[in-house]
Amino acid sequence: MNTPDDRKPGREDPPIHRTGWRGIDALRLKAEWQAQEHALEQERRGQPLDPADSRLAEYRLIARALRTPAMEPVPYDLAAQIVRHVEGMPAAGELFERWLLRVLTAIFAIAVIAVVAAYGAQWMPAFASLWPSLSPQSADWAGLLIGCLAVSLAWQGVVRLMRADVEMPAGLA
């Protein structure tokens, strides 16, 4: 088995008693710890900030942030408040946008009907030549497709009606 005790020390794994990468890492960690403690002590005493030492300033900022009280707690009924807000009446801008969309859709539909009425006699022969001639077999497949879609939609309606967790709208009850 290849465990640390079974391995023979090599060049990349220096002995612990020598000064190597482990000793340097330990010295670096000790220096960081001392800088953090020094910054915490300066922050407790309220001493002025030394602009020359940016690392100490960062640690003092962290110590100050940890000492200040947390933000306001989350309200107990936050989820209920969000649900009430989402389900509430839409804003005036949303209502205006809905009505504007309806009006523009109606205008577009009227424009399409007017263009087809005015120029449809010229277009219909061109479109009629593009329409493929249907065989009796294609009509059978089209009927099967329409029947499958109708059964699927009917089943979805039955499932919606049978669901107990969905409330009926006020107009349908």
Side-chain angles (χ1 to χ4, degrees), residues 28-29 32-33 35-37 39-40 42-44 46-173:
R28 186 187 60 80
L29 289 175
E32 284 292 317
W33 177 258
Q36 291 172 9
E37 289 296 319
L40 185 62
Q42 280 187 352
E43 190 62 31
R44 281 187 194 141
Q47 293 177 349
L49 186 62
D50 183 16
D53 194 359
S54 63
R55 185 176 65 171
L56 195 63
E58 289 175 3
Y59 288 139
R60 286 187 67 173
L61 180 66
I62 292 170
R64 193 175 308 132
L66 290 174
R67 194 179 60 200
T68 57
M71 298 184 326
E72 292 182 21
V74 176
Y76 177 73
D77 62 340
L78 177 67
Q81 289 177 9
I82 292 173
V83 168
R84 281 194 305 270
H85 177 70
V86 169
E87 289 179 346
M89 285 296 295
E94 293 174 1
L95 290 174
F96 175 71
E97 183 178 343
R98 286 182 190 169
W99 279 105
L100 184 63
L101 184 62
R102 289 176 186 160
V103 168
L104 290 176
T105 303
I107 291 171
F108 181 71
I110 291 169
V112 166
I113 292 170
V115 167
V116 169
Y119 302 105
Q122 298 168 0
W123 295 346
M124 286 303 163
F127 285 118
S129 66
L130 293 175
W131 192 261
S133 60
L134 298 177
S135 67
Q137 289 178 337
S138 64
D140 292 342
W141 283 108
L144 182 63
L145 175 67
I146 290 171
C148 287
L149 289 174
V151 169
S152 175
L153 289 173
W155 182 252
Q156 288 178 3
V158 167
V159 168
R160 271 192 228 122
L161 288 176
M162 291 177 62
R163 232 185 235 165
D165 60 329
V166 176
E167 295 178 9
M168 293 290 285
L172 297 177

Atom pair [atom1] ([X]) and [atom2] ([Y]), whose distance is rounded to the nearest 0.5 Å:
{"X": "Leu100", "Y": "Leu95", "atom1": "CG", "atom2": "CG", "result": "12.5 Å"}
{"X": "His85", "Y": "Gln81", "atom1": "NE2", "atom2": "CD", "result": "11.0 Å"}
{"X": "Leu149", "Y": "Leu153", "atom1": "CG", "atom2": "CG", "result": "6.5 Å"}
{"X": "Ile146", "Y": "Trp141", "atom1": "CD1", "atom2": "CH2", "result": "14.0 Å"}
{"X": "Gln36", "Y": "Glu58", "atom1": "CD", "atom2": "CD", "result": "11.0 Å"}

Would you check if Leu66 and Glu43 make a side-chain contact, meaning some heavy-atom pair closer than 4.5 Å? no

Around atom CD of Glu32, are there more than 12 heavy atoms of other residues, nucleotides or ligands at under 6.0 Å? yes

Give the minimum heavy-atom separation between [X] and [Y], together with the two atoms involved.
{"X": "Asp77", "Y": "Arg84", "value": "OD2-NH2, 3.9 Å"}
{"X": "Gln42", "Y": "Leu56", "value": "OE1-CD2, 3.4 Å"}
{"X": "Arg55", "Y": "Ala35", "value": "NH2-CB, 3.8 Å"}

Without swapping roles, check the side chain of Ser152 against the backbone of Cys148 for a donor-acceptor pair under 3.5 Å.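 Flag not set: sc Ser152 to bb Cys148 has no pair under 3.5 Å.
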
Residues Asp53, Tyr59; criterion side chain to side chain contact (heavy atoms under 4.5 Å, CB included); working and verdict: CA-CA 10 Å; Asp53 194 359; Tyr59 288 139; over 6 Å; no

